[in-house]
> 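Pasting a structure here, questions to come.
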Amino acid sequence: MTERLLGKPIADRIQAESRGAIGARRAGAPPPSLVSVHRGVESPFRFYLKRQSKAAADVGIAFRDEALPPDAGPAELLARLRSLDQDPGVHAILLEHPLPAPFDYSRAISEVRAGKDVDGVGVENLGRLVAQRPVHTPAVARAAIDIARHYHLPLEGERVVVLGRSETVGLPTALLLMGKAEGIHATVTVAHSRTRDLSRVLADARTIFSCVGQPGLLTRANVPEGAHIVDVGLSSVPDPERPGTVRAAGDADAASLDGWARSFTPVPGGVGPVTVAELMANCVRAWERATLPEGSP
Ligand code: NAP
């Protein structure tokens, strides 16, 4: 029997905590303010923006999305980010990505100070994550860990494989799994596009975190029987049930792994809702840091 590891109960708990934290501290003060910057109104980020705006409204965060003109260049983007960073009324800033060349996502988001970089992906936050003292941890990596903890997946002392090494998803997930600060103590192997013989790398993995974005990558041909999969991958594929439309798909082939894997997170409904809830939690922490008097707990 293959268990579906649903994100909703975890996302609901995190959202309730954020709502409570805002309610407890507000007392007439302005609510947390989150600005999500993206390039072009017709960008494919509409789906993410809608999800963020709904989750923000749910907990009481003031959300605004700012589209740069489609012809805006890197200099305009940097200027906008610097200006938002200086604005005391803005507590949290997101930069939607990927960005096309010649934009440099990492350079751009690193213009934002660590306390406002709520995706935790600027160089300061990533460096601090390596040093085990992050200001904000990337929400998607935190969400993957939340799920693994909630469902008691085997991690401590176990062989865990992370597929993908991007600075925004795979790398921070691997760092959290192996770092001492989280107390997870997994024995982590990281695989990427140059990894040879994926089946061999996965052979004795108890838990797999897949952060690639290749639907159908994981099947019973390469996943060991009884493994657990946290599927972070999120891609759009044609929906055979509704021709002409697309649906979300993860890296794991659910049909192949059903009855083979011990458990996996479904897509949609697994990591996604927890990621957006963790993002909101980072916004609340950013607001608390910015508005609490110095020296407060
Ligand atoms: P990315 O920058 O394209 O990175 C993909 C990674 O996968 C790279 O490290 C790449 O290796 C590696 N890779 C490619 N083929 C591989 C293979 N056959 N075996 C093992 N590794 C392979 O993408 P990303 O931004 O990290 O995002 C990864 C996925 O997470 C995407 O599907 C994205 O949509 C999804 N995501 C989901 C959420 C959520 O809330 N669920 C949030 C954010 C992102 P190289 O480094 O060698 O190129």
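Read the numbers this way: they start at 1 and go in the same order the structure lists the ligands and their atoms.
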> Run down the list His192, Glu278, His97 and name the one with the heavy atom closest to atom 17 (C) of ligand 1.
His192
> For the pair Asp12 and Lys8, find out whether any cationic side-chain nitrogen is under 4.0 Å from an anionic carboxylate oxygen.
yes
> Could you tell me which non-hydrogen atom of Gly216 sits nearest to which non-hydrogen atom of Asp253, and how far apart they are?
CA-CB, 4.2 Å
> Measure the distance from atom 32 (O) of ligand 1 to every protein heavy atom, then report the residue, atom name and distance (to 0.1 Å) of the closest one.
Leu234 N, 2.8 Å
> If we only count heavy atoms from C-beta on, is the Ile147 to Val271 side-chain gap below 4.5 Å?
yes
> Please list, in number order, the atoms of ligand 1 under 4.0 Å from a heavy atom of Gly164.
6 (C), 7 (O), 9 (O), 12 (C), 21 (N)
> Among all protein heavy atoms, pick out the one at the shortest distance from atom 47 (O) of ligand 1; state its residue, atom name and that distance to 0.1 Å.
Ser193 OG, 2.5 Å
> Could you check whether atom CD of Glu167 has more than 12 heavy atoms from other residues, nucleotides or ligands sitting under 6.0 Å from it?
no
> Any idea which protein heavy atom is nearest atom 40 (O) of ligand 1, and the distance to it?
Thr275 OG1, 3.0 Å
> If you measure from the Lys or Arg side-chain nitrogens to the Asp or Glu carboxylate oxygens, is any gap between Glu182 and Arg142 under 4.0 Å?
yes
> Which atoms form the tightest heavy-atom contact between Val90 and Ser33, and what is the distance?
CA-OG, 3.6 Å
> What residue and atom, counting heavy atoms only, is the protein's closest point to atom 46 (O) of ligand 1, and at what distance?
Arg165 NE, 2.8 Å
> Please give me the minimum heavy-atom distance between Leu202 and Leu163, naming the atom from each residue.
CD2-CD2, 4.3 Å
> Among all protein heavy atoms, pick the one closest to atom 43 (C) of ligand 1 and tell me residue, atom and distance.
Val140 CG2, 4.0 Å
> Does CZ belonging to Arg289 count more than 12 external heavy atoms closer than 6.0 Å?
no
> Gly233 near ligand 1, heavy-atom distance under 4.0 Å?
yes
> When you measure from atom 16 (C) of ligand 1 to each heavy atom in Val212, Val190, Thr195, which option holds the nearest one?
Val212
> Counting heavy atoms only, which part of Gln214 comes closer than 4.0 Å to ligand 1: side chain, backbone, both or neither?
side chain
> Closest non-hydrogen protein atom to atom 18 (N) of ligand 1, residue and atom name please, with distance?
Leu217 CD1, 3.8 Å
> With heavy-atom distances below 4.0 Å as the criterion, list the atoms of ligand 1 near Val169.
24 (P), 25 (O), 26 (O), 27 (O), 44 (C)
> So do the side chains of Arg285 and His91 get within less than 4.5 Å of each other, counting heavy atoms only?
no
> Report the nearest protein non-hydrogen atom to atom 4 (O) of ligand 1: residue, atom name, distance rounded to 0.1 Å.
Ser166 CB, 3.8 Å
> Please confirm whether Thr168 approaches ligand 1 to less than 4.0 Å, judged on its heavy atoms.
yes
> Starting from atom 35 (C) of ligand 1, locate the nearest protein heavy atom and write down its residue, its atom name and how far away it is, to 0.1 Å.
Val232 O, 3.4 Å
> Below 4.0 Å, non-hydrogen atoms only: which portion of Cys211 touches ligand 1? Side chain, backbone, both or neither.
backbone
> Any salt bridge linking Arg80 with Glu76? Criterion: basic side-chain nitrogen under 4.0 Å from a carboxylate oxygen.
no
